[in-house]
Chemist: 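Can you read through this structure? Questions will come right after.
Hydrogens, waters and symmetry mates play no part in the numbers below; they use all other heavy atoms, side chains included. Order of the sequence lines fixes the chain letters, A, B, ..., with proteins taken first and strands second; residue numbering starts at 1 for each chain.
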Amino acid sequence: MSKHGGVRVRIAPSPTGFAHLGTASTALYNLLFARQNEGTFVLRVDDTDVERYRPEYEALIYESLHWLGLDWAEGPDKGGPFAPYRQSERVDIYKGEAARLIQEGKAYRCYCTPEELEAERRQAQLEKRPYRYSRRCLINPPLDRTVFAVRFKVPGGEIAFIDMVRGGMKFDADLIGDFIIVKSDGYPTYQFASPVDDALMKITHVIRGEEHLSNTPYQLMLVDALGHERAVAYAHMPLILAHDGAKMSKRKHPELNLAIYREQGYLPEAMLNYLALLGWNPGTAQEIFSFDELVRTFSFDRVQHAGARFDWEKLNWMNGEYIRKLGDDELTARLRPFLPQLDEETIRRAIPPLRTRMYKLAQAVDYLDYLWTDPAPPALDPEAAERVKAAINALKDVPWEPESIEAALEEAVARSGAGKGKFYTPLRDALTGKKVSLPIHYTLHLLPRDVALQRLQRATNVRV
RNA sequence: GGCCCCGUCGUCUAGUGGCCUAGGACGCAGCCCUCUCAAGGCUGAGAUCGCGGGUUCGAAUCCCGCCGGGGCUACCA
């Protein structure tokens, strides 16, 4: 396998907030490609932003990825032949690489302050010319300063590479200014750490979001300067946009947070399916894909070039499809965490009427919370109260099963001369306190008979 | 500002010169089923293919320009 020069891919999420939808999407495509090639999927944690890093964010990434079943072979928690996999634990490596570049005259110390840099930038903007670092610290380094960052001396020229979704890419590196590779706090920038690790970890294919397309020439120049081998190809996946076409933001777009899907009861396999179709299509009418089917069908040449908007409606539909396909045992098991108040047997009995009524598991709570929450008895008009009484009579001795309850009720309805609607509505109200519920016979059946009859009885005593 | 990517129904998309009076899916509307809500079945509305020029007998598909959106241009990743 990978030991003999096989495919190696990675994701490199940054633990600076909750786990992102984009991370899941990128991980999916990486894993798909790895599986297709019997390659190795690596997880590397990009924790070089000391300001924003939190260990709990890192835990969130593991959690979400595990939930989705997107498992890695090498990572900080698993180790591997290229450990460590946490960039904060690799700073010596980056420092060494940076020192080598300085020694070879391919990088230099920059003592400029943020203010000075800002002034340079503003000046450039004022003169309406593209900004590039002036190289003042290369040409004429100050002697009285000690705090420095390391800048890469960009060689310029044309940088070309293969993008598996877009084909051959070409960038003019003469337009790129010298950029910082080691910050003054000693940590590497993303632009530096990422290519160094990719090279050292023998990553063969870099599959990541489109926001990194323009970063690629920066990183390629570094790889070349360091004398490392370049990845054989890149793939830049279309961005997932918010529904309004804007970039997703933490504030305005809860759908960015991976944790909410689990909390709401979206199935991991539905998420993966939806994510796969957001930015890729098989060229056929098929929309429902198991993971294995995706492995068989996915290819980068059918990946979309434009960003795709996230659509709750379609996700909901797809999740519903997956829920409806689940067997009773499986659905029961998945529902349990959402219904801690109910025993397994009750959940199981609720499943037949429940299955087609949910597009996400958390909705089961709305349908079933009457089982553990006593509703306020409704105020009934005399006619309705009579019907409830008739129902009580009909239900008193009937076997407590959905079918027999339904039959008894229908008989009572016929006798009453009223329609089912008029007859069942007060029952539903007395039983659940709601306008919407599971079919009335199931609503009754799921409740113990004595509790059900008690709620009905009580309702006959309350008058408008 | 510079560089790069992108632009087909509201949304995700099929489409690589004639098979397109532009297909599918979600959503939407109507009907059927029906105790409510779903699911399911049937039917339907919805895109002058961003705009303007070319090339061609013929363009959503090729070329040019423009406009619009996004990304990068940070001691964020």
Chemist: Hey, is the side chain of A/H305 poking within less than 4.0 Å of OP1 or OP2 on B/C6, counting only N and O atoms?
Modeler: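 For B/C6, OP1/OP2 do have a side-chain N/O of A/H305 under 4.0 Å.
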Chemist: Describe the nucleic acid contact of A/R355 in one word from base, sugar-phosphate, nothing, applying a heavy-atom distance below 4.0 Å.
Modeler: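 Nothing: the residue A/R355, judged by heavy atoms under 4.0 Å, touches no strand.
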Chemist: Please give the nucleotide sitting opposite B/C37 as a Watson-Crick or G-U wobble pair, both distances under 3.5 Å, or none.
Modeler: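 WC or wobble partner does not exist here.
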Chemist: Tell me if a side-chain donor or acceptor on A/S416 pairs with a main-chain N or O of A/V413 at a distance below 3.5 Å.
Modeler: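 Confirmed, A/S416 side chain pairs with A/V413 backbone.
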Chemist: Is A/N281 touching bases, backbone alone, or none of the nucleic acid, heavy atoms closer than 4.0 Å?
Modeler: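 Answer is sugar-phosphate: A/N281 comes under 4.0 Å of backbone atoms only.
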Chemist: Assess, by modelled atom type and distance only, whether the side chains of A/R10 and A/N30 contain a donor and an acceptor separated by less than 3.5 Å.
Modeler: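 Absent: no donor and acceptor within the cut-off.
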Chemist: Look at all strands and tell whether A/S437 reaches a base, only sugar-phosphate, or nothing, counting heavy atoms closer than 4.0 Å.
Modeler: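 Here A/S437 touches the bases of the nucleic acid.
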Chemist: Could you tell me the separation between the CZ atom of A/F171 and the P atom of B/C5, rounded to a whole number of Å?
Modeler: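 The distance from CZ of A/F171 to P of B/C5 comes to 6 Å, rounded to the nearest Å.
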Chemist: Need one value for A/R387: base, sugar-phosphate or nothing, where a base atom within 4.0 Å counts as base even if backbone is also close, heavy atoms only.
Modeler: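 Counting heavy atoms under 4.0 Å across all strands, no contact is made by A/R387.
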Chemist: Could you work out the separation of B/G44 and B/C4 based on their P atoms and round it to a whole Å?
Modeler: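 That atom pair is separated by 48 Å.
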Chemist: On the nucleotide B/C35, are OP1 or OP2 found under 4.0 Å from the side-chain N or O atoms that A/K420 carries?
Modeler: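 A/K420 to B/C35 OP1/OP2: side-chain N or O found under 4.0 Å.
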Chemist: Counting only side-chain nitrogens and oxygens, does A/T356 get under 4.0 Å of the OP1 or OP2 atom of B/G40?
Modeler: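 For B/G40, neither OP1 nor OP2 has a side-chain N or O of A/T356 closer than 4.0 Å.
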Chemist: Report the distance from atom CH2 of A/W312 to atom C1' of B/G27, rounded to the nearest whole Å.
Modeler: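 Checked: the CH2 to C1' distance equals 16 Å.
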Chemist: Return no unless some side-chain N or O of A/K183 is found under 4.0 Å from OP1 or OP2 of B/A77.
Modeler: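 Result: yes.
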Chemist: Rounded to the nearest angstrom, tell me the gap between atom NE2 in A/H212 and atom C1' in B/C5.
Modeler: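 Value for this atom pair: 15 Å.
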Chemist: When we call it a touch if two heavy atoms are under 4.0 Å apart, what does A/E321 touch: a base, just sugar-phosphate, or nothing?
Modeler: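 Sugar-phosphate: the residue A/E321, judged by heavy atoms under 4.0 Å, touches backbone atoms but no base.
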Chemist: Using a heavy-atom cut-off of under 4.0 Å over every strand shown, decide if A/G283 touches base, sugar-phosphate, or nothing.
Modeler: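 Nothing, no nucleic acid heavy atom in range.
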Chemist: Using OP1 and OP2 only, check whether a side-chain N or O of A/R109 sits under 4.0 Å from B/C75.
Modeler: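 No, A/R109 has no side-chain N/O under 4.0 Å of OP1/OP2 on B/C75.
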Chemist: What is the distance, to the nearest angstrom, from the CG atom on A/D47 to the C1' atom on B/A77?
Modeler: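 About 11 Å, once rounded to whole Å.
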Chemist: Could you check which nucleotide pairs with B/C3 in any of the strands shown, counting Watson-Crick or G-U wobble with both distances under 3.5 Å?
Modeler: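 Across any shown strand, B/C3 pairs with B/G71.
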Chemist: Describe the nucleic acid contact of A/I180 in one word from base, sugar-phosphate, nothing, applying a heavy-atom distance below 4.0 Å.
Modeler: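 Base, at least one base atom sits under 4.0 Å.
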Chemist: Can you confirm if the NZ or CZ of A/R145 lies within 45° of the ring axis of A/Y111 and under 6.0 Å from the centre of its six-membered ring?
Modeler: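 Not flagged: A/R145 not positioned over aromatic ring of A/Y111.
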Chemist: Expressed as a whole number of angstroms, how long is the span from A/Y190:OH to B/A77:P?
Modeler: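 For the pair A/Y190 OH and B/A77 P, the rounded distance is 10 Å.
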Chemist: If you find the nucleotide of RNA chain B closest to A/D172 and the one closest to A/D49, which residue's nucleotide is nearer the 5' end?
Modeler: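 Per heavy-atom nearest nucleotide, the more 5' residue is A/D172.
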Chemist: With hydrogens left out and only the distance checked, is there a donor-acceptor pair under 3.5 Å joining A/R428's side chain and the base of B/C35?
Modeler: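 Check passes, donor-acceptor contact within cut-off.
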Chemist: What's the CZ-C1' distance between A/R309 and B/C12, to the nearest Å?
Modeler: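 Nearest whole value for this atom pair: 11 Å.
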Chemist: Identify the nucleotide, in any strand shown, that forms a Watson-Crick or G-U wobble pair with B/U21, with both distances under 3.5 Å; if there is none, say none.
Modeler: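 None - no nucleotide pairs with B/U21, as no candidate has both distances under 3.5 Å.
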Chemist: NA contact type, A/G279, heavy-atom cut-off 4.0 Å: base, sugar-phosphate, or nothing?
Modeler: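 Contact class for A/G279: sugar-phosphate only.
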Chemist: NA contact type, A/T189, heavy-atom cut-off 4.0 Å: base, sugar-phosphate, or nothing?
Modeler: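 Since only primed, P, OP1 and OP2 atoms lie under 4.0 Å of A/T189, the category is sugar-phosphate.
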Chemist: Does A/Q125 have a side-chain nitrogen or oxygen under 4.0 Å from the phosphate oxygens OP1 or OP2 of B/G2?
Modeler: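 False: A/Q125 side-chain N/O out of range (4.0 Å or more) of B/G2 OP1/OP2.
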Chemist: If you measure from the Lys or Arg side-chain nitrogens to the Asp or Glu carboxylate oxygens, is any gap between A/E287 and A/K314 under 4.0 Å?
Modeler: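 Looking at A/K314 together with A/E287, the answer is yes, because their closest N to O distance falls below 4.0 Å.
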Chemist: Answer with base, sugar-phosphate or nothing: what part of the nucleic acid does A/E51 contact at a heavy-atom distance below 4.0 Å?
Modeler: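 Since no nucleic acid heavy atom lies under 4.0 Å of A/E51, the category is nothing.
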Chemist: Taking A/E115 first and then A/R122, would you say they form a salt bridge - that is, a charged N and a carboxylate O separated by under 4.0 Å?
Modeler: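 Here A/E115 does not pair with A/R122 in a salt bridge, since their nearest N and O are not under 4.0 Å apart.
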Chemist: Think A/R324 has a side-chain N or O under 4.0 angstrom from the OP1 or OP2 of B/G40?
Modeler: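 Indeed, a polar side-chain atom of A/R324 lies that close.
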Chemist: Kindly indicate whether the side chain of A/Y187, heavy atoms from C-beta on, has any atom under 4.5 Å from the side chain of A/S88.
Modeler: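 Yes, at least one pair of side-chain atoms sits under 4.5 Å.
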Chemist: Please report the distance, rounded to the nearest Å, between CD in A/E211 and P in B/C72.
Modeler: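 Nearest whole value for this atom pair: 7 Å.
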Chemist: Considering Watson-Crick and G-U wobble pairs with both distances under 3.5 Å, what does B/A29 pair with?
Modeler: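 With both distances under 3.5 Å, B/A29 matches B/U43.
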Chemist: Want to settle it: does A/E406 or A/Y274 sit nearer the 5' end of RNA chain B, counting the closest nucleotide to each?
Modeler: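 With A/E406 and A/Y274 compared, the 5'-side residue is A/Y274.
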Chemist: Could you check how far CG of A/D174 sits from P of B/G2, rounded to whole Å?
Modeler: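 Rounded to the whole Å, the gap is 17 Å.
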Chemist: Between A/D244 and A/R309 (salt bridge meaning N to carboxylate O under 4.0 Å), is one present in this structure?
Modeler: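 A/R309 and A/D244: not salt-bridged.
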